[in-house]
Colleague: 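Quick one: the structure is below, and I'll ask about it shortly.
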Amino acid sequence: MPSSSALTVTLFAALAYGYANPGGCSGECVVYDPTVIIRSSDNTYFRFSTGDEIYYVTASDIAGPWTVVGSMLPDGSSIDLAGNTDLWAPDAHYIDGLYYVYYAVSTFGSQDSAIGLATSETMDLDSWTDHGSVGIVSSSSKDYNAIDPSLIEIDGTYYMQFGSFWDDIYQVEMNSEATAASGSSYNLAYYPDGDHPEEGSYMYQNGDYYYLFYSWGICCDYDVDMPATGQEYHIKVCRSETGTGDFVDADGVACSDGGGTVVLESHGEVYGPGGQGVYDDPTYGSVLYYAYTNTSIGYADDEKQFGWNVIDWSSGWPAV
Ligand SMILES: *[C@@H]1O[C@H](CO)[C@@H](O)[C@H](O)[C@H]1NC(C)=O
């Protein structure tokens, strides 16, 4: 048992930062842009992430131990763009008996980008079929960058959120199988200043609202070029009753005009958390997961760690 003074110090430290530390992680915990899905047949957790043609790992609990499975698409994507052998930012779903993993093809800082789809019945190694582009494509003539996919079903219709920098976060209606865009894209969130650093969105329904989580700021290369304080990645959120527009933050500021409430930012040994998602854990309830730099481990991109926290929704806004 800790002494009461040790307990007081611990509680005080947690309150001073305002954020809980990440939950435990054992096994393979290095990650970038993770997505988590649980295979219903055996309750195995699957975690996909950027790198090695979407490498993925499995575990029996969100805390691990995580074991490497391999690459989802070892030969890359059939999308004919630079970056098709360096796939990014996976987003996993289960739809009508198939596991879907959307991914992005691009190169750093380029708008020549597209969102693709791979499917599998089991998620086992070598079980994946690549379907190429879902018709969400960008080039320098567009106001958006077609990366960082995130799918949601709203009242029986699928929508894809996507976007990174340029005019930030967009949405497009998808067909009934969620395999192709079926409408025109429109803006959901926009930060008017600087280089509009919003990306990596993830939408999640809770109660009466759809919550649009996204990453704000500079994601990468902290070991090479340290951002000014506050310019590094942090996780923000906006909410809407429809999920298709009118997103506002906790102060009522429109997220199409710079709004956004911070959910998680640098604190203690945690630096630059982002690339987040949310899933329903059978034990813990809603869980926010992300990648972060542990300042005691290192600032390089290939040292980013998998973090997760249980979400407290009691205020109507996600708190960790
Ligand atoms: C950071 O890494 C150190 C060394 O592995 C570990 O002791 C510490 O718990 C980690 N902190 C966080 C917030 O992950």
Side-chain angles (χ1 to χ4, degrees), residues 1-3 5-36 45-52 55-68 89-90 200 202 213-237 261-279 281 283-312 317-320:
M1 284 267 296
S3 70
S5 65
L7 201 59
T8 308
V9 168
T10 308
L11 281 174
F12 184 77
L15 287 172
Y17 292 126
Y19 300 106
N21 267 327
C25 186
S26 65
E28 180 53 68
C29 295
V30 169
V31 84
Y32 195 75
D33 277 342
T35 183
V36 170
Y45 290 63
F46 283 72
R47 192 188 79 206
F48 300 81
S49 55
T50 294
D52 290 337
Y55 84 89
Y56 66 110
V57 299
T58 58
S60 57
D61 187 276
I62 190 68
W66 293 99
T67 306
V68 176
Y202 194 94
F213 294 81
Y214 57 90
S215 302
W216 192 103
I218 297 167
C219 67
C220 305
D221 284 341
Y222 298 151
D223 56 334
V224 180
D225 194 4
M226 201 65 178
T229 303
Q231 298 299 302
E232 78 276 18
Y233 243 17
H234 46 276
I235 300 170
K236 295 177 110 175
V237 71
T261 296
V262 174
V263 180
L264 184 63
E265 60 196 327
S266 300
H267 64 101
E269 289 173 303
V270 173
Y271 180 78
Q276 75 297 318
V278 180
Y279 79 100
D281 191 282
T283 305
Y284 307 110
S286 328
V287 166
L288 174 75
Y289 58 83
Y290 48 90
Y292 70 99
T293 291
N294 179 328
T295 57
S296 300
I297 294 178
Y299 288 80
D301 292 343
D302 62 5
E303 292 174 305
K304 284 184 190 278
Q305 303 290 307
F306 180 66
W308 63 277
N309 293 93
V310 175
I311 297 177
D312 173 0
W317 290 90
V320 296

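Read the numbers this way: they start at 1 and go in the same order the structure lists the ligands and their atoms. Numbering starts at 1 and runs along the sequence shown.
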Colleague: Over 60° means perpendicular and under 30° means parallel, so classify the ring planes of Y279 and Y45, tilted if in between.
Modeller: perpendicular
Colleague: Show, in sequence, the C-alpha distance, side-chain angles and deciding distance for Y292 and E269, and conclude whether the side chain to side chain donor-acceptor pair (under 3.5 Å) test is met.
Modeller: CA-CA 9 Å; Y292 70 99; E269 289 173 303; over 6 Å; no
Colleague: Does a side chain donor of either E303 or T293 reach within less than 3.5 Å of an acceptor in the other side chain?
Modeller: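 Result is no, nothing qualifies.
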Colleague: In terms of the angle between their ring planes, are Y202 and Y289 parallel, tilted or perpendicular, with boundaries placed at 30° and 60°?
Modeller: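 Taking Y289 first and then Y202, their aromatic rings stand perpendicular (interplane angle over 60°).
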Colleague: Ligand 1: which protein N/O atoms lie under 3.5 Å from its N/O atoms?
Modeller:
unit_1   : atom_1 : unit_2 : atom_2 : d
ligand 1 : 2 (O)  : N294   : OD1    : 3.4
ligand 1 : 2 (O)  : N294   : ND2    : 2.4
ligand 1 : 11 (N) : E269   : OE1    : 2.8
ligand 1 : 11 (N) : N294   : ND2    : 3.0
ligand 1 : 14 (O) : Y292   : OH     : 2.7
ligand 1 : 14 (O) : N294   : ND2    : 3.2

Colleague: Side chain to side chain contact (heavy atoms under 4.5 Å, CB included) between Y222 and Y233: does it pass, once the steps are laid out?
Modeller: CA-CA 10 Å; Y222 298 151; Y233 243 17; 3.4 Å; yes
Colleague: With sequence neighbours excluded, what pairs up with C29 under the disulfide bond (SG atoms under 2.5 Å apart) test?
Modeller: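 Here the qualifying residues are C25.
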